[in-house]
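Note sheet for the following structure.
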Amino acid sequence: MQLISVSLFCACIITWCTVKRILKKKKANPDSLPYPPGPPAKWIIGNLLDMPASINFKALRSWKEKYGDLTFMRACGQSVLVINSLKAAKDLLDKRGTTYAHRPSLVMAGELMGLDQSIGLMAYCPRLTESRRLAHRALSNDAIKRYTHVFETNSILLLQKLLDDPSAYEKAIRLMIGRNILMISYGLTANSADSEFIADAEKVMKLIQEAIAPGKYLVDYIPCLKRLPSWMPFVNFKREAESYRKQITDFVRRPFEHVKADMHSPTSKRQQRGIAAPSLVLDLLSQDDKASKECNDDREEIIMWAIGSLYGAATSTTAATALTFVVLMAMHPDKQRKAQAEIDSVTEGLRLPTLADRARMPYVMAIMNEVARWHAVVPLGLARQTKVTDNYNGYYIPEDTIVLYNLWMIGRTEGTSASLESFIPERHLDGSEALDPFSYVFGFGRRICPGRHLADNALFMIYTSILSSFTISKKPSPSAQNACEAGIENPLIPEFSKHLISFPEHFPCDFISRSDAAAALIKNAFSCNATA
Ligand code: HEM
């Protein structure tokens with residue numbers, strides 16, 4: 001039965017796309033240029049089986065090795081271009097900004113659930129430019145300095161969680177990142193960020209992830225289905241979309257209205273309600289914005305969605321990077337000890353690290369770079385789409401081509417001669433020729449990640465706080481333990497998920513407190529460092 005439905009589903013998609021292709025007026029390829037190289041197309045289905053429905057690290061590698069800078073595929077009237085080199089990514093995504101600045105439209109998640117108002121899924125249009133301008137202003141390197149206390153307070157809370165229950169380290173790290181973003185966006189206190197909003201936020205993120213999974217909704221392939229009335233049988237997706245749309249809008253609107261209502265309340269009342277200025281929303285609402293061309297109501301709506309977009313974009317990406325760090329530290333105790341020695345030399349073991357310590361911790365910064373390079377957590381970037389035809393290096397790129405960029409392979413092939421498969425932070429120390437991974441893991445040009453400075457600060461605090469207080473060591477699985485007892489070498493090799501955002505699969509680690517003094521620093525932190 002399931003097989004019949006899957007076959008029917010595939011048949012519908014292929015028929016629809018073929019009809020669409022026949023009906024669509026073919027755009028000229030005036031110079032009859034060839035398409036970029038790619039896997040050979042099969043009869044009828046073209047490259048359907050080569051298309052990247054999920055991340056396949058072997059394929060990412062072979063595209064670069066076999067086809068060079070560009071890999072091109074085509075199936076059912078849809079072209080997909082994968083950019084495999086930094087030069088080509090910069091040439092196309094940076095220098096030919098507007099041609100490549102669109103995102104593919106998702107009917108279910110975007111149009112029907114309302115996420116096309118969020119920055120990440122919005123089409124390239126004046127409203128996006130305005131939303132990005134506000135997000136950039138709120139999240140610039142300078143603006144983010146106002147939130148130093150948030151990063152530092154939440155790092156202490158993370159350490160306390162790790163001390164209480166080290167085995168729940170994944171949850172503790174994700175919670176800390178979620179708290180950072182909610183406190184910075186809306187000025188919530190740590191407690192109210194937890195109790196009122198984190199659970200809601202995580203629920204909404206789960207339904208969004210499910211809605212954007214490839215193949216989940218037929219309406220994404222046959223958009224005219226959206227015109228069917230929702231009372232019809234089999235039109236469940238419209239009823240689901242309505243309910244999801246309400247949950248998403250509530251999630252974005254509720255904390256925003258909280259801040260608005262509190263803008264004019266006395267401080268004591270604000271604290272009672274769990275709101276503590278400053279915040280990105282408060283900042284943007286209070287600015288007399290001469291550059292904005294929007295009227296007041298529209299401007300408020302734009303601010304609400306621009307800031308409401310950040311939680312989803314921030315949490316999984318930053319958590320995936322921090323968890324990759326945990327795995328790499330467990331696998332490389334020598335690098336971990338070197339970083340701990342550097343941190344101890346700065347803090348003298350008498351206090352916890354702060355953001356002001358950055359300049360004095362070059363080895364930790366080298367670890368940050370190497371983690372980002374070794375496993376780019378958004379391996380194929382966030383898809384773009386061309387809106388006009390283009391040509392590059394003698395190849396023809398049709399309009400409406402979906403464009404992916406192979407960040408994972410850029411990290412594994414470019415910038416230095418030292419073995420790029422190995423984790424070697426030293427390659428980023430002064431005087432080396434290594435490429436700065438922070439110059440590409442956040443994307444390019446007009447859609448470059450606006451949260452990169454925030455991520456950078458959050459990651460520095462996570463790495464230094466953990467290493468100052470704990471030693472991370474890998475816990476052998478029962479099979480590895482048996483092998484070890486039998487004298488067989490059986491190293492733990494981390495696996496990474498194959499999703500748009502790629503996480504290390506659960507990796508059994510121990511977080512061992514470095515000393516009683518280190519544990520005491522955590523327990524007493526709020527009496528000397530900060531107040532939660
Ligand atoms: C290590 C952490 C992070 C990584 C690796 C990362 C990576 C990326 C990448 C690759 C893109 C696509 C850019 C493009 O299309 O060229 C992106 C977009 C985006 N990121 Fe991040 N990001 C991270 C953290 C954050 C944080 C902390 C925030 C918010 C505070 C954020 C907000 C966004 C938004 C709103 C977009 C959509 C931009 C647009 O479509 O115009 N990201 N990010």
Side-chain angles (χ1 to χ4, degrees), residues 83 86 89-90 92-94 97 100-104 106 110 115-125 127-141 143-144 147 150-151 173-174 176-186 252 279-280 305-325 368-369 371-385 402-408 410-411 437-463 500-503:
I83 303 176
L86 188 58
K90 289 197 162 170
L92 297 177
L93 306 179
D94 267 349
Y100 290 85
H102 297 267
R103 299 261 186 231
L106 296 176
L115 284 170
D116 51 6
Q117 300 175 80
S118 71
I119 298 182
L121 292 192
M122 203 186 289
Y124 186 66
C125 60
R127 192 182 170 107
L128 175 81
T129 317
E130 179 65 5
S131 307
R132 285 190 56 96
R133 191 179 67 79
L134 293 173
H136 268 300
R137 188 199 296 172
L139 296 167
S140 71
N141 206 10
I144 224 65
Y147 303 100
V150 172
F151 296 112
I173 288 175
R174 197 173 164 99
M176 183 262 193
I177 293 164
R179 267 183 182 147
N180 275 348
I181 194 75
L182 287 178
M183 290 169 73
I184 292 175
S185 299
Y186 304 108
V252 171
S279 73
L280 301 183
W305 276 99
I307 302 304
S309 312
L310 301 182
Y311 186 94
T315 39
S316 295
T317 45
T318 316
T321 311
L323 293 173
T324 304
F325 156 81
M368 279 180 74
N369 282 332
V371 171
R373 178 201 72 77
W374 191 82
H375 183 71
V377 295
V378 196
L380 276 177
L382 218 54
R384 308 280 193 91
Q385 189 160 31
I402 291 178
V403 180
L404 303 165
Y405 36 102
N406 194 345
L407 297 175
W408 188 80
I410 291 175
F438 279 65
S439 70
Y440 60 86
V441 293
F442 291 108
F444 303 92
R446 295 184 188 221
R447 302 302 292 245
I448 192 172
C449 172
R452 55 200 185 282
H453 303 297
L454 195 153
D456 187 39
N457 284 332
L459 291 171
F460 177 80
M461 283 313 299
I462 295 174
Y463 295 5
L500 173 74
I501 299 168
S502 172
F503 277 80

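In listed order, ligands and their atoms are each counted from 1.
Every N/O-N/O distance between T318 and ligand 1 stays at or above 3.5 Å. Checking only distances, R447 does come within under 3.5 Å of ligand 1, N or O to N or O.
With a 4.5 Å cut-off on side-chain heavy atoms, Y147 and L139 do not count as touching.
Nearest protein neighbour of atom 27 (C) of ligand 1, counting heavy atoms only, is A314 CB, 3.4 Å. The protein atom (non-hydrogen) at minimum distance from atom 20 (N) of ligand 1 is C449 SG, 3.2 Å. If you check which protein heavy atom lies closest to atom 23 (C) of ligand 1, you get T317 OG1, 3.3 Å. Nearest protein heavy-atom neighbour of atom 38 (C) of ligand 1: R132 NH1, 3.3 Å.
Within ligand 1, the atoms closer than 4.0 Å to a non-hydrogen atom of I119 are 38 (C), 39 (C), 40 (O), 41 (O), numbered from 1 in the order shown. Each of the atoms 5 (C), 7 (C), 10 (C) of ligand 1 lies under 4.0 Å from some heavy atom of V441. Atoms of ligand 1 found under 4.0 Å from any heavy atom of R384, numbered from 1 in the order shown, are 14 (C), 15 (O), 16 (O). The contact set between ligand 1 and I181, taken as ligand atoms under 4.0 Å from a residue heavy atom, comprises 30 (C). Ligand 1 places these atoms under 4.0 Å from at least one heavy atom of Y405: 12 (C), 13 (C), 14 (C), 15 (O), 16 (O). Close contacts of ligand 1 with T321, meaning ligand atoms under 4.0 Å from a residue heavy atom, involve 1 (C). Taking every heavy atom of F444 and a limit of under 4.0 angstrom, the matching atoms of ligand 1 come to 16 (O).
Residue P450 holds the heavy atom nearest to atom 19 (C) of ligand 1 of all those in G451, G120, G445, P450. Distances from atom 3 (C) of ligand 1 to the heavy atoms of Y124, F442, Y440 put F442 nearest.
Not less than 6.0 angstrom separates the ring centroid of F444 from the ring centroid of Y440.
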Next on the checklist: Apply salt bridge (charged side-chain N to carboxylate O under 4.0 Å, His left out) to residues R127 and E130 and explain how you reach the verdict.
Outcome noted: CA-CA 5 Å; R127 192 182 170 107; E130 179 65 5; over 6 Å; no
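Distance CD1/I462 to CG/N180: 7.0 Å, rounded to 0.5 Å. Of the inter-residue distances, the one linking I410 atom CD1 with I83 atom CD1 reads 8.0 Å to the nearest 0.5 angstrom.
Checked options R446, R384, Q385, H102; the residue passing with Y124 is R446 (criterion: side chain to side chain donor-acceptor pair (under 3.5 Å)).
Of all heavy-atom pairs spanning R132 and G445, the tightest one is NH2-O, 4.5 Å. Pairing each heavy atom of I144 with each of N457, the nearest pair is CG2-ND2, 3.1 Å. When every heavy atom of L323 is checked against every heavy atom of F503, the shortest pair comes out as CD1-CD2, 3.8 Å.
Distances shorter than 4.0 angstrom do not occur between any heavy atom of M122 and any atom of ligand 1.
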